[in-house]
*Asks:* 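Would you mind keeping the following structure in view while I ask a few things?
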Amino acid sequence: MTAGRELVTDDAVMFLNDCREASAEQKIALQRLLNEGHLAWDKRRGVCSESLYAPKDGQLVKLSILDEHVILGAFKEIDAKGRVVLYCLLDEDGSLRYSLHETVGYAVNLQILPIGTSGRSRLSDALRQKGLAWNGRLKELERLATRVRRGDKYYYLNDILEIRECRDNNRPADRKRLECGNYFMERRDAELVRDCVRSVVRLNRDKDARR
């Protein structure tokens, strides 16, 4: 983008000492020019390519300004003020929002592209940790099953924080573990809770040692 805010897509050569990072305002201005030219910037590959993508209600998308500060989410609409509204979103800082009406920036200032495979997995994993899954056909967040089928295996932590595998036969012990939250359909979920508990125990032990 020239000083006169004209878009140039040919290669440009200049001294490195004459370069600095663009300001937030300049990045937005460049993004708007790219949008007007139906172009998208790929930061990883360092290329501009044609993009005529127009998101539809329920589709998973990747939002950014020049492929920086990426937001992954389920597209809902562009409201009357020109703002992008998402059903749910995963911010680059890892925060997840899912009110079904999450307003982000103005569409003219954002690069909107279809979500990639890795981005789809990241969003899906973040939702799953909240017990949710996105249903693009119905355009809604669904609650995931919290209990395996009878006879299938699940995991729990014993009194010394060891992960145990068990079959759910609807015994009193199975029901008690489910009610208190010591019931995991995936082993890695049990590992996460175990590691968190160990961290809390370690912090308390260190605090007692300092007294």
Side-chain angles (χ1 to χ4, degrees), residues 1-130 132-141:
M1 183 179 69
T2 67
R5 299 204 171 186
E6 293 182 3
L7 183 64
V8 178
T9 56
D10 296 330
D11 287 349
V13 179
M14 61 190 70
F15 290 109
L16 182 61
N17 289 340
D18 292 334
C19 300
R20 61 166 175 80
E21 184 176 0
S23 67
E25 181 186 0
Q26 290 167 335
K27 290 178 181 180
I28 290 173
L30 178 54
Q31 181 63 68
R32 293 184 73 148
L33 283 177
L34 290 175
N35 289 345
E36 290 170 8
H38 302 292
L39 297 170
W41 172 246
D42 187 325
K43 182 179 177 182
R44 183 178 59 84
R45 294 168 55 212
V47 295
C48 252
S49 57
E50 185 180 35
S51 175
L52 298 174
Y53 177 67
K56 295 181 180 179
D57 187 9
Q59 289 184 334
L60 295 181
V61 295
K62 169 185 172 182
L63 308 180
S64 69
I65 297 175
L66 300 178
D67 212 15
E68 293 182 349
H69 195 95
V70 173
I71 293 175
L72 307 173
F75 180 82
K76 184 175 185 178
E77 64 179 355
I78 296 175
D79 68 13
K81 295 182 179 180
R83 299 171 301 182
V84 176
V85 182
L86 305 176
Y87 289 100
C88 60
L89 68 88
L90 177 65
D91 207 332
E92 194 168 65
D93 62 7
S95 59
L96 181 69
R97 289 155 46 191
Y98 48 94
S99 71
L100 299 184
H101 195 88
E102 299 290 345
T103 303
V104 291
Y106 289 95
V108 293
N109 296 338
L110 294 170
Q111 179 165 282
I112 308 176
L113 295 173
I115 199 168
T117 303
S118 62
R120 185 183 297 271
S121 296
R122 284 172 51 209
L123 178 59
S124 177
D125 287 346
L127 288 170
R128 188 183 57 78
Q129 290 178 20
K130 298 291 185 180
L132 300 168
W134 173 246
N135 187 322
R137 183 176 61 84
L138 298 178
K139 303 177 183 62
E140 64 182 25
L141 288 166

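When a residue number appears, it is its place in the shown sequence, counting from 1.
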*Asks:* Could you pull out the closest heavy-atom pair between I112 and P55, with the gap in Å?
*Replies:* CG2-CG, 3.9 Å

*Asks:* Ignoring hydrogens and geometry, is there a side-chain-to-backbone donor-acceptor pair from W134 to G73 under 3.5 Å?
*Replies:* no

*Asks:* Which heavy atom of K130 sits nearest a heavy atom of L96, and at what distance?
*Replies:* CG-CD2, 3.7 Å

*Asks:* With rounding to the nearest 0.5 Å, note down the distance linking CG in L90 to OH in Y98.
*Replies:* 12.5 Å

*Asks:* Are side-chain N/O atoms of D91 and H69 paired as donor and acceptor at under 3.5 Å?
*Replies:* yes

*Asks:* State the CG-CG distance between L127 and L72, to the nearest 0.5 angstrom.
*Replies:* 10.5 Å

*Asks:* Output the distance between atom CZ (R83) and atom CG (N109), rounded to the nearest 0.5 Å.
*Replies:* 13.0 Å

*Asks:* I want to check something: taking the side chain as every heavy atom from C-beta on, are L141 and C88 in contact at a cut-off of under 4.5 Å?
*Replies:* yes

*Asks:* Once you round to the nearest 0.5 Å, how far does CG of L30 lie from CZ of R32?
*Replies:* 12.0 Å

*Asks:* Among E102, R97, K76, which one satisfies side chain to side chain contact (heavy atoms under 4.5 Å, CB included) with Y87?
*Replies:* K76

*Asks:* Mind checking whether I71 and V61 have side chains closer than 4.5 Å, heavy atoms only?
*Replies:* no

*Asks:* Can you check whether I28 reaches I65 side chain to side chain, under 4.5 Å on heavy atoms?
*Replies:* yes

*Asks:* Please confirm whether the backbone N or O of L66 pairs with a side-chain atom of Q31, one donor and one acceptor, at under 3.5 Å?
*Replies:* yes

*Asks:* Could you tabulate the donor-acceptor pairs under 3.5 Å formed by side-chain atoms of residues 115-122, not counting sequence neighbours?
*Replies:*
residue: S121; atom: OG; partner: T117; partner atom: O; Å: 3.2

*Asks:* How many angstroms lie between CZ in F75 and CG in D57, if you round to the nearest 0.5 Å?
*Replies:* 7.5 Å

*Asks:* Quick one: which residue pairs count as a ring pair (Phe, Tyr, Trp, His ring centres under 6.0 Å) with a foot in residues 28-68, not counting sequence neighbours?
*Replies:* none

*Asks:* Taking all non-hydrogen atoms of both residues into account, name the closest pair between Q111 and A40 and its distance.
*Replies:* OE1-CA, 3.4 Å

*Asks:* Specify the closest pair of heavy atoms between R5 and M1, including all atoms of both residues, with the distance to one decimal.
*Replies:* CA-CG, 3.6 Å

*Asks:* What is the distance from atom OG of S49 to atom CG of D42, rounded to the nearest 0.5 Å?
*Replies:* 7.0 Å

*Asks:* For L89 and L63, what are the C-alpha separation, side-chain angles and deciding distance, and is it a side chain to side chain contact (heavy atoms under 4.5 Å, CB included)?
*Replies:* CA-CA 10 Å; L89 68 88; L63 308 180; over 6 Å; no

*Asks:* Distance-only, no hydrogens or angles: does the N35 side chain make a donor-acceptor pair with backbone N or O of L110 under 3.5 Å?
*Replies:* yes

*Asks:* Taking all non-hydrogen atoms of both residues into account, name the closest pair between N135 and R137 and its distance.
*Replies:* OD1-N, 3.1 Å

*Asks:* Do L39 and L7 have side chains that approach each other closer than 4.5 Å (heavy atoms only, starting at C-beta)?
*Replies:* yes

*Asks:* Go through E77 and K139 one step at a time and tell me if the salt bridge (Lys or Arg N to Asp or Glu O under 4.0 Å) criterion holds.
*Replies:* CA-CA 12 Å; E77 64 179 355; K139 303 177 183 62; over 6 Å; no

*Asks:* Checking side-chain hydrogen bond (donor to acceptor under 3.5 Å, both in side chains) between D67 and each of K43, R44, K62, which is the one that passes?
*Replies:* K62

*Asks:* Which pairs, with at least one residue in residues 9-21 and sequence neighbours excluded, count as a salt bridge (Lys or Arg N to Asp or Glu O under 4.0 Å)?
*Replies:* E21-K27

